[in-house]
**Q** 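Below is a structure I'd like to ask you about.
Values below: all heavy atoms of this structure, side chains included; hydrogens, waters and symmetry mates excluded. Note that the structure is predicted; figures quoted are calculated from it, not measured.
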Amino acid sequence: MASSFIITVTVFITTVIIAVNGCSPSDRSSLLAFKAALKEPNHGIFNSWSGENCCGNWYGVSCDSTTGRVTDINLRGESEDPILSGRSGYMTGKISPEICKIDRLTTLVVADWKSISGEVPQCVTSLSNLRILDVIGNKLTGKIPSDIGKLQRLTVLNLADNSISGEIPSSIVDLTSLKHLDLSNNVLTGTIPANFGKLQMLSRALLSRNRLSGSIPVSISKIYRLADLDLSTNRLTGSVPAELGKMPVLSTLNLDSNLLSGQIPSSLLSNSGLGIVNLSHNGFSGTIPDVFCPKSYFMVLDMSFNNLNGRVPGSLSSSKYIGHFDLSHNHLCGPIPLGLGSTFDHIEASSFNNNDCLCGNPLKTC
């Protein structure tokens, strides 16, 4: 009884001390070093970063109410927060490695500030509690930390819209909790790790607009939860694994603007769950698989700018819905299936332009 009373009093006193004195002095010192390395001239978001209590009203900073340790830094330049007055944020400077001394950090968001430069601090991989790392929309350079896989609790890794170079670290597949991966619009080179499929919790993998080469790993098809796969605008070669079309949750597949070749797997077009399929601007050849059915529902179906030949599949007209549709710039020939132009009257002649000898509605009569 006495011991429980002592524990209760101790917790109460600790809480009072935290409330009076604010956050951990070491965390406060690290935050001030982080602030000193950045310059934000327009909105004064760092004006509130003064006084002893960084757990009070410091903009974008959150703490554990029990320990007084900083847990979240959330600074977004495209936020709807009134402090930005509806205008885009702008910030220069670098992300200080001092941030790595805040060892209870679970969220680090420094996103959409346009001009923050330098590297992602290599020491960020020491933040074992980190769940969200989001630095999208800056001018960061350098490489992804080679030991990024140490962040076993990380669920979101967003490094998009920067100038990060080098290869995707092999350790990235060790991020067993990762659900959202966005590395798009950087200058990454090399191949996608062959064992990428180890990321079993992943629901979105966005690697577009880089300089990735090599083939698409078959192991990706083992990611049961993957709903969105975007590998577009890279330098990927080889054929598309047919297994991708058998993924149970995949709804968006963007492979456009690569150097892919071979035939289009029939599984990509017969999977009724795939609603967005963009295979344009590649080197696919052969005929288009005639596997469409009344369950086929495509918001986007784009196979333009390839080397496809033969006829437009007759089963296309049986599809439940086709939104954006493009077969232009191929070597297709013969009549467009009856009913395709009338059932989907939004499909225009431009969807069939620059083929060898197509005819019928919406083109000229055969």
**Q** Are side-chain heavy atoms of Ile95 and Val120 found at a separation under 4.5 Å?
**A**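 Not in contact.
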**Q** Any donor and acceptor pair, going by atom type alone, linking the side chain of Arg104 with main-chain N or O of Cys63 inside 3.5 Å?
**A**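 A pair under 3.5 Å: no.
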**Q** Whether the side chain of Ser319 engages the backbone of Ser296 through a donor-acceptor N/O pair (distance < 3.5 Å, no angle test) should be reported.
**A**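 Not confirmed, Ser319 side chain does not pair with Ser296 backbone.
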**Q** May I have the step-by-step check of side chain to side chain contact (heavy atoms under 4.5 Å, CB included) for Asn258 and Ile216, ending in yes or no?
**A** CA-CA 11 Å; Asn258 278 289; Ile216 300 172; over 6 Å; no
**Q** Specify the closest pair of heavy atoms between Asn282 and Ser257, including all atoms of both residues, with the distance to one decimal.
**A**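 Scanning both residues completely, I find the closest heavy atoms to be ND2-N, 3.9 Å.
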**Q** Using modelled atom types and a 3.5 Å cut-off, is there a donor and acceptor pairing between side-chain atoms of Asn186 and backbone atoms of Ser163?
**A**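 Looks like yes, one N/O pair under 3.5 Å.
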**Q** Pair Cys366, Cys359 - check disulfide (SG to SG under 2.5 Å), show working.
**A** CA-CA 5 Å; Cys366 294; Cys359 60; 2.0 Å; yes
**Q** Asn210 side chain to Asn234 main-chain N or O, any donor-acceptor pair under 3.5 Å?
**A**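 Judged by distance alone, no pair lies under 3.5 Å.
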**Q** I need the minimum non-hydrogen distance between Met303 and Ile288, along with the two atoms involved.
**A**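 What the structure gives for the nearest pair is CE-CG2, 4.1 Å.
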**Q** Is a side-chain N or O of Asp147 found less than 3.5 angstrom from the main chain of Thr125, in a donor-acceptor match?
**A**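 Not confirmed, Asp147 side chain does not pair with Thr125 backbone.
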**Q** Does Ile132 offer a backbone N or O that forms a donor-acceptor pair with the side chain of His180 under 3.5 Å?
**A**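 No; judged by distance alone, with no hydrogens or angles, the pair does not exist.
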**Q** Could Lys35 and Glu40 be called an ion pair, given the rule that one side-chain N must be under 4.0 Å from one carboxylate O?
**A**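 Between Glu40 and Lys35 there is no salt bridge, as every charged N stays at least 4.0 Å from the carboxylate O atoms.
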**Q** Side chain of Asp112, backbone of Arg76: donor and acceptor closer than 3.5 Å?
**A**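 Looks like no, no N/O pair under 3.5 Å.
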**Q** By the ring-ring contact (aromatic ring centres under 6.0 Å, His included) test, which pairs, at least two apart or in different chains, include something from residues 236-289?
**A**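 Applying ring-ring contact (aromatic ring centres under 6.0 Å, His included) to every pair that reaches into residues 236-289, excluding sequence neighbours, yields His281-Phe305.
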**Q** Charged N to carboxylate O under 4.0 angstrom, Arg311 versus Asp290?
**A**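 So Arg311 does not pair with Asp290 through a salt bridge.
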**Q** So how far is it from Trp58 CH2 to Leu31 CG, rounded to the nearest 0.5 Å?
**A**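 Result: 5.5 Å between the selected atoms.
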**Q** Do Asp103 and Arg69 meet the salt-bridge criterion of a basic N to acidic O distance under 4.0 Å?
**A**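 A salt bridge links Arg69 with Asp103.
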**Q** Could you go through the side chain to side chain contact (heavy atoms under 4.5 Å, CB included) check for Leu38 and Trp113 one step at a time?
**A** CA-CA 11 Å; Leu38 296 167; Trp113 292 104; over 6 Å; no
**Q** Indicate whether any N or O donor in one side chain lies under 3.5 Å from an N or O acceptor in the other, for Asn185 and Asp161.
**A**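 Yes.
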**Q** Between OG1 of Thr176 and CG of Leu154, what distance do you get to the nearest 0.5 Å?
**A**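 If I round to the nearest 0.5 Å, the distance is 10.0 Å.
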**Q** Please determine if Glu98 and Lys101 form a salt bridge, counting it only when a charged side-chain N lies under 4.0 Å from a carboxylate O.
**A**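 Yes, charged N to carboxylate O under 4.0 Å.
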**Q** Mind listing the closest non-hydrogen atom pair of Arg153 and Asn129 along with its distance?
**A**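 Answer, listing the atom of Arg153 first, then Asn129: NH1-OD1, 2.8 Å.
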**Q** Apply the test side chain to side chain contact (heavy atoms under 4.5 Å, CB included) to residues Leu250 and Asn271: give CA-CA distance (whole Å), side-chain angles for both, the deciding distance (0.1 Å), then the verdict.
**A** CA-CA 9 Å; Leu250 192 66; Asn271 184 341; 5.5 Å; no
**Q** Please report the interatomic distance CG(Asn254) to OG(Ser280), rounded to the nearest 0.5 Å.
**A**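 It comes to 8.5 Å.
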**Q** In Å and rounded to the nearest 0.5 Å, what is the OH to CE distance from Tyr321 to Met299?
**A**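 So the OH of Tyr321 and the CE of Met299 are separated by 9.0 Å.
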**Q** Consider only side-chain N and O atoms of Asp72 and Thr107, and report whether a donor and an acceptor are under 3.5 Å apart.
**A**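 Yes, because at least one side-chain N or O of Asp72 sits under 3.5 Å from a partner of the opposite role on Thr107.
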**Q** Enter the distance from Asp326:CG to Phe352:CZ here, rounded to the nearest 0.5 Å.
**A**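 Spacing of CG (Asp326) from CZ (Phe352) equals 9.0 Å.
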**Q** How far apart are the closest heavy atoms of Leu260 and Thr237, and which atoms are they?
**A**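 Minimum heavy-atom contact is CD2-O, 3.6 Å.
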**Q** Without swapping roles, check the side chain of Asp174 against the backbone of Gln152 for a donor-acceptor pair under 3.5 Å.
**A**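 Absent.
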**Q** Nearest 0.5 Å, please: how far is CG in Asp182 from CG in Leu157?
**A**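 If we round to the nearest 0.5 Å, Leu157:CG and Asp182:CG are 9.0 Å apart.
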**Q** Are the side chain of Ser115 and the backbone N or O of Thr92 linked by a donor-acceptor pair below 3.5 Å?
**A**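 No.
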**Q** Which heavy atom of Gly214 sits nearest to which heavy atom of Thr191, and what is that distance?
**A**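 Answer, listing the atom of Gly214 first, then Thr191: CA-CG2, 4.1 Å.
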**Q** Indicate yes or no for a side-chain donor-acceptor contact from Ser315 to the backbone of Phe292 under 3.5 Å, with no hydrogens or angles considered.
**A**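 Pair found, side chain donor or acceptor close to backbone of Phe292.
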